[in-house]
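Worth knowing before you read on, the calculation uses all heavy atoms, side chains too, and leaves out hydrogens, waters and symmetry mates. Every chain is numbered from 1, with letters handed out A, B, ... down the list of sequences.
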2 protein chains.
Amino acid sequence: MTQIGLRDRKKVRTRRVIEDVALRLFAEQGFDATTIDQIVSEAEVSPRTFFRYFATKEDVVLADYSEQLDDILEDLSSRPFQETPWESMRAVFRTMASDPGRRSKMLPRAQMMANAPSVFARSLQLQAGWEIQLATALRARSGDKTDEISPALMAAAALGIMRAAIRRWSEQANDIDLPEFVDECFDRLNKGFGS
Amino acid sequence: MTQIGLRDRKKVRTRRVIEDVALRLFAEQGFDATTIDQIVSEAEVSPRTFFRYFATKEDVVLADYSEQLDDILEDLSSRPFQETPWESMRAVFRTMASDPGRRSKMLPRAQMMANAPSVFARSLQLQAGWEIQLATALRARSGDKTDEISPALMAAAALGIMRAAIRRWSEQANDIDLPEFVDECFDRLNKGFGS
DNA sequence: CAAGATTCTGACAGTGTATGTCAGTTGGCA
DNA sequence: TGCCAACTGACATACACTGTCAGAATCTTG
């Protein structure tokens with residue numbers, strides 16, 4: 001009567017092992033200095049198996065990045081409809097920045113991205129995908145169906161804010177309260193930069 | 001009395017040959033389907049030489065991307081000082097979008113980026129570098145020396161606008177006047193998205 | 001519970017990008 | 001003319017990633 005079969009349990013276990021070993025090695029010797037061979041030999045799987053779980057070496061670092069977008073979209077859809085799209089986004093991103101579990105993963109990841117250009121590049125690529133989906137979601141919420149470009153601008157601006165805020169925060173994490181800082185950035189951008 | 005030596009002339013010539021051959025092959029068979037071996041055998045140089053001129057295969061497509069930033073910074077520095085930073089940027093980017101020579105290169109490049117994810121990723125990486133430099137330049141122009149974050153937000157917003165605008169423009173180049181469209185986007189973002 | 005279908009895995013081979021090294025050549029320059 | 005520096009090609013190599021295929025493990029059905 002096992003709901004989840006042994007096969008699926010093994011899958012998540014293998015994935016976890018690879019992820020744990022890889023992240024540990026990355027932390028110990030750096031991302032670039034760590035090879036797939038090293039990871040798989042410590043994780044006791046074949047190189048081929050690694051790529052069945054992760055499309056690229058970079059994706060191990062950014063494993064939970066995709067889930068993050070799902071959370072954003074879900075939170076967004078549960079915001080009250082009378083709210084403006086911008087306000088909804090501000091609230092969603094503020095909430096996200098407040099989650100301690102999420103924040104604890106953010107710092108090491110930010111550090112890794114700063115030292116490994118390929119990881120940084122991959123994260124930008126993923127975020128570009130988010131931007132499109134986010135814009136689509138905003139467009140669906142918007143009252144003005146003829147305005148095609150504002151949602152795109154809002155999505156681009158929001159993600160740009162998050163990047164800038166997280167970068168600044170990761171450089172001096174002690175001095176800054178991330179949720180408030182994000183809030184302030186959203187506010188400042190919405191007030192414009194003078195005409 | 002040759003100002004520029006034969007050696008340097010050969011260098012630019014070699015670079016041009018590689019670039020021309022590569023871009024032609026990319027257009028003919030696609031970016032991913034073209035190998036370095038193909039390029040260098042047609043250009044009659046060794047594979048090693050290719051990488052002396054271009055760090056990555058992607059960089060051939062984005063060859064004049066770096067110059068673009070220099071132009072932006074230069075144009076920015078020659079704007080009148082009484083202008084707000086945002087206004088200056090709007091003018092600079094509008095001017096850039098008006099240059100027909102630049103625009104003619106933009107369309108095929110946008111197409112290439114749409115079909116070759118690695119080229120797109122590389123362009124995002126380069127733009128991230130721009131963002132930092134642009135923010136620094138804006139900070140230098142700003143009157144308020146205590147405000148560290150606004151320049152970063154402005155830079156992120158401006159580049160985000162350009163990406164969104166160019167994407168939209170490249171999808172339907174005939175229907176949109178790019179300079180005006182860019183202008184409108186800058187305007188709309190600066191007016192905020194409602195409180 | 002046995003047998004077949006399905007899925008996961010490892011082993012092997014191969015492609016393509018990118019880098020290190022080093023000797024040979026070529027252009028700059030006194 | 002001859003020395004110095006830069007450019008180049010010819011190796012050799014590392015590493016990420018993909019295709020294939022047979023065998024093992026798990027699930028499923030009679």
Side-chain angles (χ1 to χ4, degrees), chain A residues 1-19 21-23 25-26 29-63 112 116-123 125, chain B residues 1-19 21-23 25-26 29-63 112 115-123 125-126:
Chain A
M1 260 300 251
T2 40
Q3 290 279 33
I4 300 166
L6 174 57
R7 186 168 277 168
D8 286 325
R9 262 180 295 156
K10 263 196 178 174
K11 265 170 75 174
V12 295
R13 200 174 115 269
T14 307
R15 192 190 167 89
R16 266 214 95 78
V17 171
I18 294 175
E19 195 177 329
V21 169
L23 289 180
L25 288 175
F26 292 160
Q29 4 170 323
F31 181 83
D32 290 322
T34 305
T35 66
I36 307 274
D37 277 346
Q38 256 183 306
I39 298 169
V40 298
S41 79
E42 287 213 26
E44 292 180 318
V45 295
S46 79
R48 200 66 189 81
T49 299
F50 177 93
F51 289 106
R52 287 206 184 85
Y53 285 93
F54 299 96
T56 70
K57 201 173 89 173
E58 288 76 21
D59 281 7
V60 182
V61 181
L62 307 169
M112 196 98 78
S118 65
V119 178
F120 180 59
R122 180 74 173 143
S123 82
Q125 203 179 359
Chain B
M1 260 304 248
T2 39
Q3 289 280 35
I4 300 166
L6 175 57
R7 183 166 277 167
D8 287 325
R9 262 180 294 157
K10 261 195 178 173
K11 266 171 73 176
V12 295
R13 199 174 115 267
T14 307
R15 192 190 167 89
R16 267 213 94 78
V17 172
I18 295 174
E19 196 176 329
V21 169
L23 290 180
L25 289 175
F26 292 161
Q29 4 169 328
F31 181 83
D32 290 321
T34 306
T35 67
I36 308 273
D37 277 344
Q38 254 184 308
I39 297 169
V40 297
S41 79
E42 286 213 27
E44 292 180 320
V45 294
S46 78
R48 199 69 189 78
T49 299
F50 177 92
F51 288 106
R52 285 205 186 84
Y53 285 92
F54 299 96
T56 69
K57 202 173 89 172
E58 288 76 22
D59 280 8
V60 182
V61 181
L62 307 169
M112 196 99 76
N115 301 336
S118 65
V119 178
F120 180 59
R122 181 74 173 144
S123 83
Q125 204 179 359
L126 293 175

Checklist entry - Could you walk me through whether A/Arg13 and A/Lys10 pass the side chain to side chain contact (heavy atoms under 4.5 Å, CB included) check? => result CA-CA 5 Å; A/Arg13 200 174 115 269; A/Lys10 263 196 178 174; 3.9 Å; yes
Checklist entry - Can you check side chain to side chain contact (heavy atoms under 4.5 Å, CB included) on B/Thr34 and B/Ile39, steps first, answer last? => result CA-CA 8 Å; B/Thr34 306; B/Ile39 297 169; 3.8 Å; yes
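Taking the nucleotide of DNA chain D with the nearest heavy atom to each of A/Lys57 and A/Arg52, the more 5' of the two is matched to A/Lys57. Nearest-nucleotide positions on DNA chain C place B/Phe31 closer to the 5' end than the other of B/Phe31 and B/Asp8.
With hydrogens and angles ignored, no donor-acceptor pair under 3.5 angstrom links the side chain of B/Arg9 to the base of C/dG27. You'll find a donor-acceptor pair under 3.5 Å spanning the side chain of B/Arg7 and the base of C/dT26, going by distance alone.
Atoms CZ (A/Phe51) and P (C/dC12) sit 18 Å apart, rounded to a whole Å. The interatomic distance linking B/Phe50 (CZ) with C/dT17 (P) rounds to 8 Å, in whole Å. Atom C1' of nucleotide C/dT7 and atom CG of A/Leu6 are separated by 12 Å, given to the nearest angstrom. B/Arg122 places its CZ atom 13 Å from the C1' atom of C/dA18, with the value rounded to the nearest Å. Taking atom CG of residue B/Asp32 and atom P of nucleotide C/dG16, one finds them 12 Å apart after rounding to whole Å. Spacing between atom CD of A/Glu58 and atom P of D/dC15 amounts to 15 Å, rounded to whole angstrom units. Taking atom CD1 of B/Ile39 as the reference point, atom P of D/dG9 lies 15 Å away to the nearest angstrom. Rounded to whole Å, atom P of C/dG10 lies 15 Å from atom CD1 of A/Ile36.
If you check D/dC17, C/dG10, C/dG16 against the side chain of B/Thr35, the one that comes closest is C/dG16.
Here the shortest heavy-atom pairing between A/Val40 and A/Pro47 reads CG1-CA, 3.8 Å.
In B/Gln38, the CD atom is crowded: over 12 heavy atoms of neighbouring residues, nucleotides or ligands sit closer than 6.0 Å.
Side-chain contact between A/Glu19 and A/Tyr53: absent, with no pair of heavy atoms (C-beta onward) separated by less than 4.5 Å.
Look at B/Lys11 and you'll find a side-chain N or O under 4.0 angstrom from OP1 or OP2 of D/dC7. An OP1 or OP2 oxygen of C/dT9 is reached within less than 4.0 angstrom by a side-chain nitrogen or oxygen of A/Thr14. At C/dA11, none of the side-chain N or O atoms of A/Ser46 fall inside 4.0 Å of OP1 or OP2 (strictly under the cut-off). At the phosphate of C/dT9, OP1 or OP2 sits under 4.0 Å from a side-chain N or O atom of A/Tyr53. The phosphate of C/dG27 has OP1 or OP2 within less than 4.0 Å of a side-chain N or O from B/Lys10.
Using a 4.0 Å heavy-atom distance criterion, B/Thr34 is classed as a sugar-phosphate-only contact.
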